[in-house]
Amino acid sequence: MAVVRRAEPVDLSLAGAANESRGATRGRLRRWLPVGIGLAIAALMVVVAAAAPLIAPLSPSAQFSDAVLKGPGVVDRHLLGTDDYGRDILSRVIWGARVSLEVGLASVMFGFVLGVPLGILAGVSGGRVETLIMRCADMLMAFPTLLLALIIVAALGGSLANEMLAIGVALTPNFVRLARSLALTIREQDYILAARALGSGQLRVMARHVFPNTLYALVVVASLYIATAIRTEASLSFLGLGVPPPTPSWGNILSEGRQYIKCCPWITTFSGLAIMVAVLAFNLVGDALRDLLDPRLKGE
Amino acid sequence: MVQYVLRRLLVAVPMLLGAMSIVFFAMRVLPGDPCVAMMGDQATTSALADCTRNLGLNRPLAVQYTDYLWRSVRFDFGNSFRQGYPVSEYIARMFPHTLVLVMASAIVAALVGIPIGIVSALKRRNPLIDYPLRIIALLGLSMPVFWLGILLLIAFSLRWNVFPLIGGGDLDGVTAMIRSGEVFLYPRDFLAAVADVLHHLTLPALALGFTLAATVSRLSRSAMLEVISQDYIRTARAKGQRERLVVYKHALRNMMVPLLTIIGIFVAIALTGTVLTETVFTRPGLGKMLIDAINARDYPLAQGAITVFTMTIIVVNLVVDMLYAVVDPRITYR
């Protein structure tokens, strides 16, 4: 009996441990699953964009007069159908991934490279420099991202480079504000005091000590801004202010297909779906990474 | 408080000035000549010169700039290059269309977003409820409003023919009837006109509202999460209060304060959304006016639209900041 009595708690604790580890595994899975799905889709998008010439079944600008406005699968070689010029929708959507990804990555990089140093400078130096930088950022923040990008791209003219620049500038104030708020907390840390005591100048403190410590949070937020940039690019192209035709971008495929929604809804359906999946992927990655890695950013 | 309001107002002025300057100079580097855009490629040099002089585009940039600022302060944005009549008149006609769209989509967003956010926060440990709700929110956040608009048009306008494909209804007629008092003389006509406006408004409001609901649901989820971890909620539960009362009486009211913060963000997103929504649904409004003006290189019209957009956002943010102190007395301003 004594053995049995002794055995019981052992069994229970084992069962408890097993439950706990199962629960922990489930919790880990629950947390990492969205990151995994998002990363997988994002990686697929990168591969598709990079290998567009190899993957796309046809040229995105090739016109087939015998297959104008044909539905998905009606003509063998056009899996997702064709548009009003007889161009293959699948090939155009695949090539469109390039534009979206290029603009998404380049504009976020632009915003990062321009905004982060300014934000750190504002946070670390304080005083008039901070006021000047932050007032400028506030002024730009008065414009919603799409509106500011729209003004810039309207002024410079629609092209891939101008779109990158416009969205990049529109995203910059977000990076300035975030980098500043991170720098404000970091500058109070003991290691900054130590670095200063050892004779480090302002620039060295910012570059060697403040910047590396903001990087973590900034990269997480940057992945969320890729989603914003892709959506903004699609919106600009949809409004006719983005990459000029015949270069395919998801936004301009959708815009061109608008006239044919009655007879040929597949043109708008597939390009819209591509935009949504891409934005969703980067949102998933950014969101989940933010919750997992940096609870400080939950409110951002 | 008064000092804070004054200081906040003083900060808003240079912000507005800066924003207007950006708009002015951006419009001036716009590629293409507005006179060529108006008169076509075939216009003679002298006709083009006359047009440039009439529009005041031959004056030095600094003169044009100060003139623009001085006029804008008095809500005089000049005359539209293409239509010829005052921009402020045009804006006054378009603004109600955009306003009703923003308001209707705000109602949709609140009705969909707030309950989703609350339920998702309260049932966060039940993956069968929390997961689908979060996925809906994420889909709403990722779905471009113009695509959702097109899908709604395909289903409800083209396939089932329930809602109109284009237009915004006779909103001008409705406002005119209210202003002239005809609303009391012909209540039937008035109601018919209102019904027509609502009929045109439904799909755009649903499209914009659903995409906004995603933002609202996320923010109300985090607001609710913050509130239910407070001590007074634990106290309410400890004294034996039923869960339903805890949520409705204690949590919901307190949740509204952090939710107020989003009105500023909300208006900014909604106004941007109207640019796309009005274009998709071919609805009159400030957003569509802006895109048409940019395409036609109609500087005064584009400047006017952007200035009104920016002004609205700055003013709304100012009002929201002040509302905090009224709603939550714990917040004090230095």
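Note that these values count all heavy atoms, side chains included, but never hydrogens, waters or copies made by symmetry. We name chains A, B, ... by the order of the sequence lines, and we start the count at 1 in each one.
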So which part of [X] gets closer than 4.5 Å to some heavy atom of chain A, the side chain, the backbone, both or neither?
{"X": "Asn295(B)", "value": "side chain"}
{"X": "Val280(B)", "value": "both"}
{"X": "Arg218(B)", "value": "side chain"}
{"X": "Leu17(B)", "value": "neither"}
{"X": "Leu148(B)", "value": "neither"}
{"X": "Ile291(B)", "value": "side chain"}
{"X": "Leu138(B)", "value": "both"}

Please report the interatomic distance [atom1]([X]) to [atom2]([Y]), rounded to the nearest 0.5 Å.
{"X": "Tyr131(B)", "Y": "Leu33(A)", "atom1": "OH", "atom2": "CG", "value": "6.5 Å"}
{"X": "Thr272(B)", "Y": "Leu150(A)", "atom1": "OG1", "atom2": "CG", "value": "9.5 Å"}
{"X": "Ile306(B)", "Y": "Ile151(A)", "atom1": "CD1", "atom2": "CD1", "value": "4.0 Å"}
{"X": "Leu147(A)", "Y": "Leu271(B)", "atom1": "CG", "atom2": "CG", "value": "8.5 Å"}

Closest heavy-atom contact between [X] and [Y]?
{"X": "Pro144(A)", "Y": "Ala268(B)", "value": "CG-O, 3.7 Å"}
{"X": "Ala26(B)", "Y": "Ala155(A)", "value": "O-CB, 3.1 Å"}
{"X": "Val279(A)", "Y": "Ser142(B)", "value": "CG1-CA, 3.7 Å"}

For the interface with chain A, which of [options] has the highest count of heavy-atom pairs at distances below 4.5 Å?
{"options": "Leu141(B), Val275(B), Ile314(B)", "result": "Leu141(B)"}
{"options": "Val145(B), Leu151(B), Ile150(B), Leu290(B)", "result": "Ile150(B)"}
{"options": "Ala302(B), Gly18(B), Ser157(B)", "result": "Gly18(B)"}

Practice problem: Can you check whether anything in residues 227-244 of chain A gets within less than 4.5 Å of chain B, heavy-atom wise, and list it by number? | Solution: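 At a heavy-atom separation under 4.5 Å, chain B is reached by Arg231(A), Ala234(A), Ser235(A), Phe238(A), Leu239(A), Leu241(A).
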Quiz item: chain B contacts: which residues in residues 252-262 of chain A have a non-hydrogen atom closer than 4.5 Å to it?
Solution: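 From residues 252-262 of chain A, the residues near chain B are Leu254(A), Arg258(A), Ile261(A), Lys262(A).
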Counting only heavy atoms not in [X], do more than 12 sit closer than 6.0 Å to its [atom1] atom?
{"X": "Arg135(A)", "atom1": "CZ", "result": "yes"}
{"X": "Leu158(B)", "atom1": "CG", "result": "yes"}
{"X": "Arg98(A)", "atom1": "CZ", "result": "yes"}

Quiz prompt | Selection from Val277(A), Leu146(A), Leu148(A) maximising heavy-atom pairs under 4.5 Å formed with chain B | solution =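 Of Val277(A), Leu146(A), Leu148(A), Leu146(A) has the most heavy-atom pairs under 4.5 Å with chain B.
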Quiz item: Which of the residues Ile152(A), Leu284(A), Thr269(A) is involved in the greatest number of heavy-atom pairs with chain B at under 4.5 angstrom?
Solution: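 Of the options given, most contacts go to Thr269(A).
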Practice problem: State, with a plain yes or no, whether a side-chain heavy atom of Met276(A) is found less than 4.5 Å away from one of Leu139(B). | Solution: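 Yes, side chains in contact.
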Practice problem: Using modelled atom types only, decide if a donor and an acceptor are shared between the side chain of Trp147(B) and the backbone of Thr268(A) within a distance under 3.5 Å. | Solution: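 Checking the backbone N and O of Thr268(A) against the side chain of Trp147(B), a donor-acceptor pair under 3.5 Å is found.
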